[in-house]
Visitor: 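Starting off with a structure, shown below.
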Amino acid sequence: MSTYNRTPYTRRRIRRRKAKTKRFTRGMRITLFAFFVLFLLAFLAFLVRIYLINDKNGDRYKKAALSQQSYTNTVLNYQRGAIKDCNNTTLAVSIRKYNLVLEPRTLNTDDENKITTVNAIVQHFGVDKTKLDEVIADRPNSMYEHLDELRNLDSKTVEAFEEKMKKEKKIQGVWFEETYTRDYPLHTVGCNLIGFMSSENSGTYGVEESYNDVLCGTTGREYGYFDANMNLQRTIKEAKDGNSVILTIDANVQQIVEQEIADFQKNGVGAERVAVMMMNPNNGEVLAMASDFTFDLNNPRDMSLTYTEKEINAMSEDEKKNNLMEMWSNFCIGSAYEPGSTYKPFTIAAALDENLIEDNSTFNCKGVKKVADRDIHCSNRSGHGVLDLRHALMESCNVAMMDIAFKMNRKQVSEYNKLFGFGQRTGIDLPGEASGIIHEEEGLNPVELATSSFGQTQTMTMVQMLGGFCSLINGGSYYQPHVVKEIQNSDGEVVEKINPVIIKKTVSEDTSSKLRSYLKSTVEEGTASPAKVKGYLIGGKTGTAEKRPVSKKKYLVSFIGCVPADNPEVAIYVIMDEPHVKDQAHSTYATEFSSKIMKKVLPFMGQYASPK
């Protein structure tokens with residue numbers, strides 16, 4: 001229907017509706033425009049407010065934000081405890097060093113300061129400028145960076161640079177943190193006994209390993225942050241230094257022993273292996289232990305003190321590795337061997353304690369004894385004839401020892417073997433101890449009874465032999481061998497004293513008294529006479545052990561002894577494995593060597609020669 005056909009009323013309604021729509025649209029436009037203007041004004045006001053806040057209080061808010069940020073979290077190293085001898089001579093000590101720390105973020109805030117600082121470091125420490133620039137550029141926001149060339153700096157050098165920093169205020173973004181390096185002032189002395197530090201900064205071999213937990217301290221922490229005034233504040237949790245270990249070893253005695261071994265190997269007969277161990281028989285304290293394998297503790301991978309350059313160059317990598325481990329190991333506790341006739345005092349002591357023999361017991365040696373299906377010879381193939389007990393030891397008669405062993409049953413022999421500490425670790429406070437191999441009771445058949453009576457077919461270590469021997473001469477008390485006598489804190493106060501520990505009783509006082517007398521006669525009049533030292537009463541026994549296979553005619557010769565013979569205060573054990581001579585079966589090499597050592601070391605131990 002067209003507009004003209006509508007009624008007047010309808011046309012009026014349409015006009016009013018259009019007018020209303022037009023008014024609404026105009027109102028909406030006005031409202032939107034007003035809202036936009038108000039929003040724009042508010043936004044402008046907000047920007048103005050931010051500007052005013054930043055202009056007036058920007059630094060304060062920036063500092064407040066920075067104060068919430070961690071600046072550094074640095075480990076503070078402890079000082080590892082020292083190792084000292086019984087006279088307080090330092091054998092191992094941790095020396096304070098310094099690492100230079102760079103703050104690239106600080107340096108990058110001011111180019112002039114950065115240039116001055118870098119040039120000062122290069123000039124003072126001689127480091128490559130390019131490396132410094134690379135560290136600063138590669139890690140621009142870091143506050144803690146090291147350079148390998150600026151580690152382990154000595155205090156004198158660092159103090160001089162710190163003085164330079166005080167004078168030149170433009171040197172910024174650099175400081176020093178403390179660290180420690182291990183130093184062994186006597187270099188080679190006691191190397192196998194002391195041990196050294198691994199690349200992981202942990203004790204390796206010797207006392208460094210066995211007392212690692214004692215020597216280690218507790219690390220501390222240093223936290224740094226900016227306060228509201230942009231001043232650097234540090235919170236420090238101090239490190240706790242490790243305890244020091246005081247040894248039973250006398251460094252003077254140890255050094256003399258090592259020098260004598262080196263001289264014998266270089267200028268004397270020499271041998272495949274030479275080792276010496278000394279002990280106080282009245283408390284189990286080890287006074288010295290050394291072998292011909294030696295190295296500088298400050299450079300333990302250098303093999304030149306033990307091997308020639310030619311030998312080192314000829315080694316494969318595996319051979320070098322194995323030879324290094326052998327060089328670092330402690331022969332006195334870690335290697336077992338057949339001891340030979342130095343075992344004979346133990347055979348006699350066991351039979352005496354069981355009342356199976358007496359002082360006046362006699363033995364008839366014809367130079368050989370038939371045992372089961374074989375002949376077992378004495379060292380004197382012609383025979384010693386009739387001997388009493390004293391002379392059986394003095395002349396080192398194998399036949400007499402076999403006769404004594406056959407008076408005992410296999411159970412008794414087995415029990416005494418274990419009572420003397422053979423076939424088991426002594427528990428000495430050092431790592432790497434071997435146990436050796438002895439016959440079990442059921443394996444002690446006639447041949448084994450016979451051969452073991454004079455120190456063959458069973459293996460022992462030096463510490464086992466000397467520990468057991470000390471019990472034979474001190475009245476029968478078996479003290480646990482040990483190398484540490486006390487532990488001190490960083491202030492030098494004793495926190496633990498290692499008191500002597502009697503593990504067991506091995507023989508009676510009467511048996512011990514007889515043994516001391518026999519051993520004295522053996523040196524005074526018997527086979528061990530080369531062990532004499534003018535002005536001293538020495539007791540002891542020689543050993544000549546035939547190595548397997550016997551067809552090679554290789555021998556380990558030895559001497560075990562004590563001084564003073566009637567009331568021993570020092571015990572010594574010397575072994576020489578395969579002396580460099582054609583005829584090795586002579587214990588004289590070991591007894592003469594023992595005499596030479598004792599003559600030099602006894603005065604250091606408070607043992608003085610008689611004026612007679």
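The chain is numbered in sequence order, starting from 1. Being a predicted model, the structure only gives us computed values, none of them experimental.
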Visitor: Hey, does L352 have a side-chain heavy atom less than 4.5 Å from the side chain of L515?
Guide: yes

Visitor: Do H439 and T457 meet the criterion of a side-chain donor-acceptor pair at a distance under 3.5 Å?
Guide: yes

Visitor: With distance as the sole criterion, is a donor-acceptor pair present between the side chains of H187 and N298 under 3.5 Å?
Guide: yes

Visitor: Could you measure the distance from the CG atom of N87 to the CG atom of D85? Nearest 0.5 Å is fine.
Guide: 4.5 Å

Visitor: Could you measure the distance from the CD1 atom of I376 to the CE atom of M401? Nearest 0.5 Å is fine.
Guide: 14.0 Å

Visitor: Do V557 and Q584 have side chains that approach each other closer than 4.5 Å (heavy atoms only, starting at C-beta)?
Guide: no

Visitor: For D250 and M605: C-alpha separation, side-chain torsions, deciding distance, then whether side-chain contact (heavy atoms from CB on, under 4.5 Å) applies.
Guide: CA-CA 8 Å; D250 185 320; M605 298 177 171; 5.5 Å; no

Visitor: List in chain and number order the residues that pass side chain to side chain contact (heavy atoms under 4.5 Å, CB included) with S529, two or more places apart in sequence or in another chain; answer none if no residue qualifies.
Guide: K532

Visitor: Could I get the full list of salt bridge (Lys or Arg N to Asp or Glu O under 4.0 Å) partners for E326, not counting sequence neighbours?
Guide: R273

Visitor: Which value, rounded to the nearest 0.5 Å, describes the distance between N398 atom CG and S453 atom OG?
Guide: 7.0 Å

Visitor: Check whether any side-chain heavy atom of T342 lies under 4.5 Å from a side-chain heavy atom of F469, and answer yes or no.
Guide: no

Visitor: Within a radius of less than 6.0 Å around NZ of K411, do more than 12 heavy atoms belonging to other residues, nucleotides or ligands occur?
Guide: no

Visitor: Using a 4.5 Å cut-off on heavy atoms from C-beta on, say whether the side chain of L215 contacts that of I83.
Guide: yes

Visitor: Under the side chain to side chain contact (heavy atoms under 4.5 Å, CB included) rule, collect the residues that match up with T90, sequence neighbours excluded.
Guide: K84, V93, P185

Visitor: Keeping T248 on the side-chain end and V286 on the backbone end, is there a donor-acceptor pair under 3.5 Å?
Guide: yes

Visitor: How would you list all residue pairs meeting salt bridge (charged side-chain N to carboxylate O under 4.0 Å, His left out) that involve residues 181-201, not counting sequence neighbours?
Guide: R182-E208

Visitor: Do other residues, nucleotides or ligands put more than 12 heavy atoms under 6.0 Å from the NZ atom of K344?
Guide: yes

Visitor: Does K418 come within less than 4.0 Å of E440, counting only side-chain N to carboxylate O?
Guide: yes

Visitor: Are side-chain N/O atoms of E493 and N489 paired as donor and acceptor at under 3.5 Å?
Guide: yes

Visitor: side-chain contact (heavy atoms from CB on, under 4.5 Å), that's the test. Do N380 and C365 meet it? Break it down for me.
Guide: CA-CA 9 Å; N380 185 341; C365 174; 5.8 Å; no

Visitor: Report the distance from atom CG of L247 to atom CD1 of I194, rounding to the nearest 0.5 Å.
Guide: 7.0 Å

Visitor: Would a 4.5 Å heavy-atom cut-off, applied to side chains only, mark V207 and L91 as touching?
Guide: no

Visitor: Backbone N or O of L419 within a donor-acceptor pair of the K504 side chain at under 3.5 Å?
Guide: yes

Visitor: Using salt bridge (Lys or Arg N to Asp or Glu O under 4.0 Å) as the criterion, list what pairs up with E395, not counting sequence neighbours.
Guide: none

Visitor: Quick one: do N417 and Q458 satisfy side-chain hydrogen bond (donor to acceptor under 3.5 Å, both in side chains)? Show the steps, please.
Guide: CA-CA 10 Å; N417 252 338; Q458 298 187 119; 3.0 Å; yes

Visitor: With side-chain contact (heavy atoms from CB on, under 4.5 Å) as the test, would you mind laying out the steps for T459 and Q464 before giving the verdict?
Guide: CA-CA 10 Å; T459 63; Q464 286 175 344; over 6 Å; no

Visitor: Between the side chain of S587 and the main-chain N/O of A590, is any donor-acceptor distance below 3.5 Å?
Guide: no

Visitor: So do L186 and T89 actually touch side chain to side chain, heavy atoms under 4.5 Å?
Guide: yes

Visitor: With distance as the sole criterion, is a donor-acceptor pair present between the side chains of N243 and E496 under 3.5 Å?
Guide: no

Visitor: Is any side-chain N of the basic residue among K514 and D510 closer than 4.0 Å to the acidic one's carboxylate O?
Guide: yes

Visitor: Applying ring pair (Phe, Tyr, Trp, His ring centres under 6.0 Å), which residue pairs with at least one partner in residues 527-565 are found, sequence neighbours left out?
Guide: none

Visitor: Can you sort out the partners of Y518 under ring-ring contact (aromatic ring centres under 6.0 Å, His included), two or more places apart, ordered by chain and number?
Guide: none

Visitor: Are Y205 and M325 packed together at the side-chain level, in the sense that at least one heavy-atom pair is separated by less than 4.5 angstrom?
Guide: yes

Visitor: Ring-plane angle category for W328 and F295, please: parallel below 30°, perpendicular beyond 60°, tilted otherwise.
Guide: perpendicular

Visitor: Judged by modelled atom types alone, do E433 and T461 share a side-chain donor-acceptor pair under 3.5 Å?
Guide: no

Visitor: Would you check if there is a donor-acceptor pair between the side chains of D302 and S304 at a distance under 3.5 Å?
Guide: yes

Visitor: In chain order, what residues pass the ring-ring contact (aromatic ring centres under 6.0 Å, His included) check against Y589, with sequence neighbours excluded?
Guide: none

Visitor: Under 4.0 Å between a side-chain nitrogen and a carboxylate oxygen: does that hold for E486 and K497?
Guide: yes

Visitor: After noting the C-alpha distance and the side-chain angles of M197 and R80, does the key distance pass the side-chain contact (heavy atoms from CB on, under 4.5 Å) rule?
Guide: CA-CA 11 Å; M197 302 300 292; R80 186 177 175 87; 3.4 Å; yes

Visitor: Is it the case that over 12 heavy atoms from other parts of the model lie below 6.0 angstrom from the NZ atom of K407?
Guide: no

Visitor: Can you tell me how far apart CD (E260) and NZ (K600) are? Round to the nearest 0.5 Å.
Guide: 3.5 Å

Visitor: Is the CD1 atom of I95 crowded by more than 12 outside heavy atoms at less than 6.0 Å?
Guide: yes

Visitor: Could you measure the distance from the CD atom of E354 to the CD atom of Q412? Nearest 0.5 Å is fine.
Guide: 4.5 Å

Visitor: Identify, with sequence neighbours excluded, every residue that meets salt bridge (Lys or Arg N to Asp or Glu O under 4.0 Å) alongside E509.
Guide: R516

Visitor: Just checking K553: does its NZ atom have more than 12 heavy atoms from other residues, nucleotides or ligands closer to it than 6.0 angstrom?
Guide: no

Visitor: Go through the side-chain N and O atoms of S210 and D429 and say whether any donor and acceptor fall under 3.5 Å apart.
Guide: no

Visitor: Under the ring-ring contact (aromatic ring centres under 6.0 Å, His included) rule, collect the residues that match up with F264, sequence neighbours excluded.
Guide: F593

Visitor: Does N283 reach the main-chain N or O of P500 with its side chain, forming a donor-acceptor pair under 3.5 Å?
Guide: no

Visitor: Between S396 and T527, does any side-chain donor sit less than 3.5 Å from a side-chain acceptor?
Guide: no

Visitor: Donor-acceptor pairs under 3.5 angstrom involving side-chain atoms of residues 572-582: please list them, not counting sequence neighbours.
Guide:
unit_1	atom_1	unit_2	atom_2	d
Y573	OH	Y337	OH	3.0
D577	OD1	K547	NZ	2.8
D577	OD2	K547	NZ	3.2
E578	OE2	K547	NZ	2.9
H580	NE2	E272	N	3.4
H580	NE2	E272	OE2	2.9

Visitor: With the side chain counted from C-beta on, respond yes when C378 and H384 share a heavy-atom pair under 4.5 Å apart, and no when they do not.
Guide: yes

Visitor: Verify, without hydrogens or angle tests, whether S512 (side chain) and L472 (backbone) share a donor-acceptor contact under 3.5 angstrom.
Guide: yes

Visitor: Among all residues two or more places apart in sequence or in another chain, which pass the salt bridge (Lys or Arg N to Asp or Glu O under 4.0 Å) test with R548?
Guide: E338

